[in-house]
Number of protein chains: 2
Amino acid sequence: MATTQDRQLVEQWRSIQSTYFRTAGMIDRALELKFSIGLTEFEILDLVAESADAACRMKQLGERTPMTQSAMSKVVDRLERAGLISRHSCEDDRRSLFLELTDAGRELHRRAAVEHRALLKENLA
Amino acid sequence: MATTQDRQLVEQWRSIQSTYFRTAGMIDRALELKFSIGLTEFEILDLVAESADAACRMKQLGERTPMTQSAMSKVVDRLERAGLISRHSCEDDRRSLFLELTDAGRELHRRAAVEHRALLKENLA
DNA sequence: TGTCATTCAATGACGTGTCATATAAGTTGA
DNA sequence: TCAACTTATATGACACGTCATTGAATGACA
């Protein structure tokens, strides 16, 4: 029943889980504390920041994160309410939206990224 | 600013994230479908199943999972309602509880573990 | 033994994620 | 050009996790 391989798999899985939770938790709390945004919000900012091209975003962003389409939509809502991002409708296809950082968003991302990278480094060593 | 090391860290992090979400999602859906329990519930069953000794559990279990104390309490609620686990108060320290699988819980765990291990194998290769 | 601090577990308020669905725009083909 | 289908995003109901707090039992110590 419980083969050695099984036990190894479970070990490996728990290790991934705990790394994930520990790291995500630390980053989330730090960002919340210093910048009043959660990890999820930061991750969207980060994706938008790194895609400089002006394609119709929402959709493509969805392909680069494990987040659900509906989760993304809500995160973007919050970022928009916080004045960090703006949605622009896309002339080519008016179903699509593309996203852009506001100045405040760009600035916050710049500062939060430092914290984010530092905590990743600390946790993924 | 964005050093090579930073980019590698972010890459590594996203890889952990996506492995975690993909795997957790698959297992969760499979267990839900076939056994009507979620991954979280299974993980508690699994921990209880593997600690054969009769210590005062709740507390110690908490040390072996990234779950919050309050999350655990609620998961155990659900497992108890489902008739898979029972709480017993501990004579030595009446604040503590220890947990035990019911027969149904043991049986379900046995079958679900097969599925769980198989999906881990498939995803963590 | 009485007080004060600590520990274990449960609970309620709340935020965020998911699923199913809605809305709106685009596409296809008779 | 009109249906039927598909695609992009938003939304509402609901489940689950977190935080802060509570209640109860224990420990420490004067």
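The analysis underlying the following values was restricted to heavy atoms, covering all of them including side chains, and did not include hydrogens, waters or symmetry mates. These numbers were taken from a predicted model, which means no experiment stands behind them. Each chain gets a letter, A, B and so on, in the order the sequences are listed, and its residues count up from 1.
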Nucleotide by nucleotide, 5' to 3', does protein get under 4.0 Å of the base (B), only the sugar-phosphate (S), or neither (-) in nucleotides 22-29 of chain D, counting heavy atoms?
-> ---BS---
For A:Arg94, check salt bridge (charged side-chain N to carboxylate O under 4.0 Å, His left out) against everything at least two apart and list the hits.
-> none
Calculate the interatomic distance between A:Asp28 atom CG and D:dT18 atom P; express it in whole Å.
-> 11 Å
Give me, pair by pair, the N or O atoms of the protein and of nucleotides 14-16 of chain D that are less than 3.5 Å apart, along with how far apart they are.
none

To the nearest Å, give me how far apart CD1 (A:Ile37) and P (C:dG15) are.
-> 18 Å
d(CD, A:Glu63; C1', D:dT9) in whole Å | 14 Å
Ranking D:dA10, C:dC19, D:dG17 by distance to the side chain of B:Ala71, first place goes to D:dG17
OP1, OP2 of C:dA9 versus side-chain N and O of B:Arg87: anything below 4.0 Å?
-> no
Once the angle between the rings of B:Phe42 and B:His116 is folded into 0 to 90°, is it parallel (under 30°), tilted (30 to 60°) or perpendicular (over 60°)?
-> tilted
Just to confirm, is there a sub-4.0 Å distance from OP1 or OP2 of C:dT16 to any side-chain nitrogen or oxygen of A:Lys74?
-> no
Taking only residues two or more places apart in sequence or in another chain, which ones pass salt bridge (charged side-chain N to carboxylate O under 4.0 Å, His left out) with B:Arg78?
-> B:Glu41
All pairs passing salt bridge (charged side-chain N to carboxylate O under 4.0 Å, His left out) where residues 114-124 of chain A contributes a residue, at least two apart = A:Lys34-A:Glu115, A:Asp46-A:Arg117
Establish, with yes or no, whether the OP1 or OP2 oxygen of C:dT18 is under 4.0 angstrom from a side-chain nitrogen or oxygen of A:Thr68.
-> yes
Is any side-chain N of the basic residue among B:Glu107 and B:Arg110 closer than 4.0 Å to the acidic one's carboxylate O?
-> yes
Sequence neighbours excluded, the answer for ring-ring contact (aromatic ring centres under 6.0 Å, His included) partners of B:Tyr20 is A:Trp13, A:Tyr20, A:Phe21
Which of these nucleotides, C:dA10, D:dT9, C:dC8, is closest to any side-chain atom of A:Leu97?
-> D:dT9
Closest listed nucleotide, where the reference is the side chain of A:Ser73 and the choices are D:dA10, D:dG17, D:dC19 = D:dA10
To the nearest angstrom, the CZ-C1' distance between A:Arg29 and C:dG15 comes to 15 Å
Tell me, please, which residues at least two apart from A:Arg64 pass salt bridge (charged side-chain N to carboxylate O under 4.0 Å, His left out).
-> A:Glu50
Can you find a donor-acceptor pair, distance only, under 3.5 Å between A:Gln69 side chain and D:dA8 base?
-> no
Would you indicate which nucleotide in C:dC8, C:dA10, D:dT9 comes nearest to any side-chain atom of B:Ser96?
-> C:dC8
Taking atom C1' of C:dA10 as reference, at what distance in whole Å does atom CD of B:Glu80 sit?
-> 12 Å
What residues form a salt bridge (charged side-chain N to carboxylate O under 4.0 Å, His left out) with A:Glu43, not counting sequence neighbours?
-> none
Any side-chain hydrogen bond (donor to acceptor under 3.5 Å, both in side chains) pairs touching residues 67-77 of chain A, not counting sequence neighbours?
-> A:Asp77-A:Arg87
